[in-house]
Each structure stands twice: as structure tokens, then as C-alpha cells.
Amino acid sequence: MITEEDKERVRQATDIVALVSETVVLRQRGGDFWGCCPFHHEKSPSFHVTPATGLWHCFGCHSGGDVFDYVMKREGLEFLDSVRFLAERAHIDIDDAPAAGRRGPKRTRVIDALEAAQSAYSVRLMRGRSEAAAAARSYFAGRGFNSDICSRWHLGFADPGVSLMHELTAAGFSRQELEAADLVSSRSGRVRDQFYNRVMFPIHDEQGRCIGFGGRVMGDAKPKYLNTRETSVFHKSKHLFAFDYAKESIAAKGYAIVSEGYMDVISMHEAGFTNTVAALGTALSLDHVKTLSRFAKTIVCMFDGDAAGQHAAEAAVRYVESTAAALTCVVLPDNQDPDEFLKAHGAQAMAEQLRGARPLIDFVLEKKLEGSDLSSPGLRLRALDDVAKVLAPLKNSYLLDSYLQRVTGRLGVDLEAARRKVRETPVEQSAERDAGSSRARAPEPDGPSYDDVPYDDYGYEEASVVASPVPEGPFSELSAEDRAQLRAECNLLALLASDPDRFRPYADRIATLSWADARHQAIAWAILATPEGTPAAEAVSVAARACPDAPRILSSSSFSSTSSWDAAKNVEFVVSEAEIRSLDRRISQLTASLGAMGADESREALRELSQLRARRDEVRASQPLE
């Protein structure tokens, strides 16, 4: 339900180089950028970004498209969610529901209200003169958090003697906006502040904007923690506490540490472990794992040593194959949490604990058997039931046997029996839901990949990559001429999109082409119909409106638009090559049909063949040489 105008606003506001650079190291070559693909393992860079058109393409795994395609693949989102993701990143308000179904205030107003609340809570902690504010400062000081730490982390206090609702209403926020941000709530017919007499931990999104709060009591009241409920901007299964602080460190160090509390995260950061985050009052989710995997090669989970920590570790096992990152875990001694351990033993001891992190699945299976009585066959079968529940989310894994081999010896059961038990065990409902979402991927384009078309030896100036051989797939059944023409058409379209004005003098020649793919013709004419002076990025947008597959098609050419040839020769070359391939294809079709023609038809066909061959020779002779 997002309008084309909003999509274009988001597309134009998104710098593709900056977007890709969040997770990929790019190096400039001419006007383009190259790096190692984030979607498959490679040592030599084959990932290509063209800023002028806003397109990207990997010549190794054959993925490509525009900024929306990139976010869909990187984040595992559907198209509309990718638009929303980039809109939030660019601070753009979009209408994503029909007018009749639109409810609630704009997301930006909700975030503005939360940012204002963050400032208000911080002022009350740092400057409040009430006894309650003094108690809040004493509480943080007792945990080792001085004023600098409180300021750096925007910590605050919900003073019971000052109404946040009145303050923010006076600042121009409506009651509806405050309710949408979960800053106020209605109780017994009265509207009052949601957070009351609690120290406040603001929760930020990836861009550092406040999207919610965790409030902790300073005494023994219940609940100990009160978190912002699910809102239009805050989703506890998607967001991580301190991720905005930690993401650069995670990328630099190559691993992320996941703890269970706000205090723990802040203490870890202040001790130098700046790659630490926390889940927000929920178990580690698949979205959390996917977010961290964008930056980390290893995710270290720091679980408490109690039953709750063991349960959290077991729940996380289901994700070991949902990410390229290795899932490991650390359980601190004496059931200490990270904050307690750091105060008792220091940062060096914590570093030693982290170096001893173990594969998560090994830890979970070992702990499961440690707590089981294996003295009789019946008890061993009961233990097998427990193991099967842990491994049920992985019942279809190719690695299931290797996981089971870790326990079958101690349980005294054979591998086949254990495998059958796991496959017969139902997956818990939450695990099934997450497993399903782990299989969700950005939709694949209809039809074959355009990178399945190989180069021939016809003089293309290739980018600094070697075209891969034709894989098994739809294009492997096409004739060599059809494949060559498709490649020529893709190269023509890629340069046409990058500089439409240079192709306008060639419009008549392009009009004579017999296109191998009707989508290519639609893209060509959509771009050529744009007014003079149309920038490349806008030409791509126009093509996408004419053909939804346009971004992937336009990104699939490896013909260099920043080559050593001058631009005019490049244009002449790709137009000539597409025309030659079109002529070759028409010549082949006529030649193949001659035998079924009558005398008159044959004479007409031979005359046309002669003209086509003459034109082909003429175009070949006029092609620019390097």
C-alpha cells in the first residue's frame, strides 16, 4: 500500500554506496565500486556497485538489483518491508496503509516524542532536586555508574513527582502520540505516565534514535523491569539494546557478545567489551541473529548459569544453521552475571572467559545430559526424549547425525534410533514459527538469471571479472545465438540506463532490433522516452515502473561503463553488438524455415537474407576497435 511517489522518495534518498558500505568494504575503480560479496564467501571481489544508476550486482552468486533488492536480501525482508526499512533509515515518513485503514500518528512523531522523553528523563536524573532523584543517582553510583556514564548512555529517571505527560503535552505532543509511544496509559479511567519511580534505560534503533525504554525499580517492587510494549517503532524481537553503540565494534572485532541485562551491557562496554548487546526482555530471536550476522562472524551468548539461562541456550540452538555466524556460548562461574563478574574479577578475567567460548550446541547437549540420570535404560530413553526436543527444530538438517553422535554413546542408543526419535518429535510452536521465518527469503525474479548468459569471443570489454560458465538451468537449453543476444541486450540496456542522452541519436537503430526478451524492449523504450537531461538513477526508476524486473536486468551486465574507451565508442559498440546479434538471430530463423516455404516465399526470404547479411557486414565493419 506504499505509493510510487513514496518509493521514489526513499530510493532517491538512499545512497547505495553508503548503504552497502555498512557491511561491505568497497574500493573505488573509476566511477564504480567493488568489494567482496556479503551474500556468499569469496576471496576476490566480484561485487559491483554503480552509484550513477543506484544498482549493484555480484558476478559470483548472480544476485543484483537496486537498493530495495539489496535490503531484501541482506535483511531477509519482503519488498514493502524493505521500503519501510530504508524510509526509517532516511527519516522519511511514508503512508503505508490506505486512507480508510490508516490508524495512529506518524512514526516520526512517535520517535520525536520518545526522543523528548529521553531528554526529560535524563534531566530529572542529572539535575532533579527531589529525594527520589537523589535516590536514583545513588542507585547508579552504587552500581559504579558515575555522571559521565549516565550521560553517555542517556540514562534517566521517571520522577514520580513530575508529570512527563504534562511536560510533553506542553511541548506540542498530543495524547494520541504519547499513547502510541507507550509513554502514557489509561488506568481506571485516568491517563497517567507509563513509567513511574524507575531508573530509565533508553532503547535505540540502529540509527541511534530512541524507540523505547526499559524501566527498573530501585527496590523490591514488581515487576522488576517494565519495558515499552510493542509499538509502531519498537519490536522487542527485532531490536537489541546498545546495538547502535556496538555495531562498529562488532564489525571491527568480527564477533558480538549477547548478554541478558542493560546493566551488564553498560558494564561490559565500560570495561572495553564494546561489542556487547542485549535482547530486550525476550529470548534471542532469529531477527536478532540475522541482525548480528550482518556484522559478526561469531555470536557469543553469555547465559546465566541457572535454569532460565539453560532454557535460553536451548531455545537458541534452533538458529545454529540459520546464519553463517558461529553460535557459541559462555556461562560465567558461580552463576554470576557479567556486571558481577567484572566487579569481582576484572576485564582480563572476562577476556579469558570469552576465549573459552564453546560451540552452543555442544554446551547445550552436554548440559542436558549432565542433568539427567542415565543409570537405567528407561532413564536413558527419557534423556533421549529431552535431547530430541532440543534438536527437533533441526530435524531436517544434513548435520543432524553429527549432532546426535555427540550423545548416542552416552545414551546407549544407535544412531538410527536417535535420528528417528528426533524426526518424530514435534517442534515447539515458537520454534516452528522461527524456523519458517528463517526459510523466508527475498522473492526470486521470475525466469532465468541474466548472469547465466555467457560471453562469447566477440570483443566485449569486460570488467575485471571473468564471466562464470553457464550453470544448469533455464538458459542452458537456449541456443548459443539466443544467449549471445540476451547478453548483448543486457549490455546495451545497462549503458543506456547510465547515460540515456548519448543513446538518443541511436533510437532509430534501436527501433529495428528484434528483441530476444520483450522485457528488454519495454525497458529500452521507457528510458528513451524520458526527457533530455534525465539522470541515470531516475532512468532506472522509470524502467522499473515499466518492468518490475528492470533493476535486476540492468545490474546484470558486466560491461564496464567506466572503461578506458571513450563514452561515444562504448555507445556505438553496444548498439552495434545488439544489432548484430539481432540480425544473426533473424538470419538463423529465416534459414531454418526455407525448406518449408514455397517458391515465391523462398525468393522473398532469400532477398531478405541477402539484405540482412549485407547489413550485418556493414555494422561489423563500422564497429569501433580498441
Side-chain angles (χ1 to χ4, degrees), residues 41 76 237 258 260 279 282-290 292-293 297-331 333 335 356-441:
H41 179 72
S237 65
V258 183
E260 295 189 44
T282 184
L284 194 67
S285 73
L286 179 60
D287 286 322
H288 293 149
V289 171
K290 288 166 70 174
L292 294 173
S293 299
K297 295 179 180 177
T298 301
I299 299 171
V300 183
C301 302
M302 299 193 78
F303 296 114
D304 291 344
D306 57 12
Q310 172 68 15
H311 180 74
E314 292 174 10
V317 163
R318 72 191 66 166
Y319 308 128
V320 296
E321 295 179 14
S322 300
T323 171
L327 285 179
T328 64
C329 74
V330 168
V331 175
N335 287 345
R358 301 179 54 197
L360 177 64
I361 197 161
D362 289 353
F363 167 79
V364 168
L365 292 177
E366 182 176 307
K367 282 292 184 182
K368 183 60 70 176
L369 294 189
E370 273 183 10
S372 301
D373 183 350
L374 306 179
S375 59
S376 71
L379 293 173
R380 289 197 293 274
L381 289 177
R382 185 178 300 172
L384 177 59
D385 288 344
D386 292 338
V387 168
K389 291 176 183 177
V390 172
L391 294 179
L394 304 173
K395 63 176 63 181
N396 296 318
S397 167
Y398 291 113
L399 300 177
L400 178 61
D401 285 0
S402 70
Y403 302 147
L404 288 170
Q405 285 168 355
R406 293 164 165 80
V407 298
T408 51
R410 293 178 62 183
L411 292 175
V413 297
D414 63 47
L415 184 60
E416 177 57 35
R419 185 191 305 122
R420 185 168 56 251
K421 182 64 178 176
V422 170
R423 289 179 174 164
E424 291 173 352
T425 300
V427 181
E428 291 182 8
Q429 191 172 24
S430 60
E432 284 180 334
R433 182 171 58 250
D434 278 342
S437 61
S438 73
R439 290 189 292 271
R441 295 291 183 265

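Computed from heavy atoms alone, side chains included, the values below leave out hydrogens, waters and symmetry copies.
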Under 4.5 Å between any side-chain heavy atoms of [X] and [Y], yes or no?
X	Y	value
V413	K421	no
L284	C301	yes
L415	Q405	yes
T408	L384	no
S397	Y403	yes

Can you check side chain to side chain contact (heavy atoms under 4.5 Å, CB included) on L399 and E321, steps first, answer last? CA-CA 9 Å; L399 300 177; E321 295 179 14; 3.8 Å; yes
List the residues meeting side chain to side chain donor-acceptor pair (under 3.5 Å) with S293, not counting sequence neighbours, and say none if there are none.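 With neighbours one apart ignored, the set is T323.
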Quick one: [atom1] on [X] to [atom2] on [Y], what's the gap to the nearest 0.5 Å?
X	Y	atom1	atom2	value
L327	C329	CG	SG	9.5 Å
R406	L391	CZ	CG	9.5 Å
L400	R423	CG	CZ	5.5 Å

Who passes salt bridge (Lys or Arg N to Asp or Glu O under 4.0 Å) against E370, sequence neighbours left out?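 Counting only residues at least two positions away or on another chain, E370 forms a salt bridge (Lys or Arg N to Asp or Glu O under 4.0 Å) with K367.
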Apply salt bridge (Lys or Arg N to Asp or Glu O under 4.0 Å) to R380 and list each qualifying residue two or more places apart in sequence or on a separate chain. none
Name all residues meeting the side-chain contact (heavy atoms from CB on, under 4.5 Å) criterion together with [X]; count only those two or more places apart in sequence or in a different chain, and write none if there are none.
X	value
P359	D362
A417	D414, R420
K368	E314, D386, V387, V390

Stepwise side chain to side chain contact (heavy atoms under 4.5 Å, CB included) test for F303 and L360: CA-CA 11 Å; F303 296 114; L360 177 64; 3.8 Å; yes
Can you confirm whether R382 is buried at CZ, in the sense that more than 12 heavy atoms of other residues, nucleotides or ligands lie under 6.0 Å from that atom?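 Counting neighbours around CZ of R382, 12 or fewer heavy atoms of other residues, nucleotides or ligands fall under 6.0 Å, so no.
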At their closest point, which heavy atom of [X] faces which heavy atom of [Y], and how far apart are they?
X	Y	result
T425	A388	OG1-CB, 3.4 Å
A313	F363	CB-CE2, 4.0 Å
V427	A392	CG2-O, 3.5 Å

Residues K395, E424: salt bridge by 4.0 Å N-O rule: no
Would you sort out whether R419 and L404 count as a side chain to side chain contact (heavy atoms under 4.5 Å, CB included), showing the intermediate values? CA-CA 7 Å; R419 185 191 305 122; L404 288 170; 4.0 Å; yes
Evaluate side chain to side chain contact (heavy atoms under 4.5 Å, CB included) for V320 paired with L394, printing each intermediate quantity in order. CA-CA 9 Å; V320 296; L394 304 173; 3.8 Å; yes
Spell out, as yes or no, whether a donor-acceptor pair under 3.5 Å connects the side chain of H288 to the backbone of A279. no
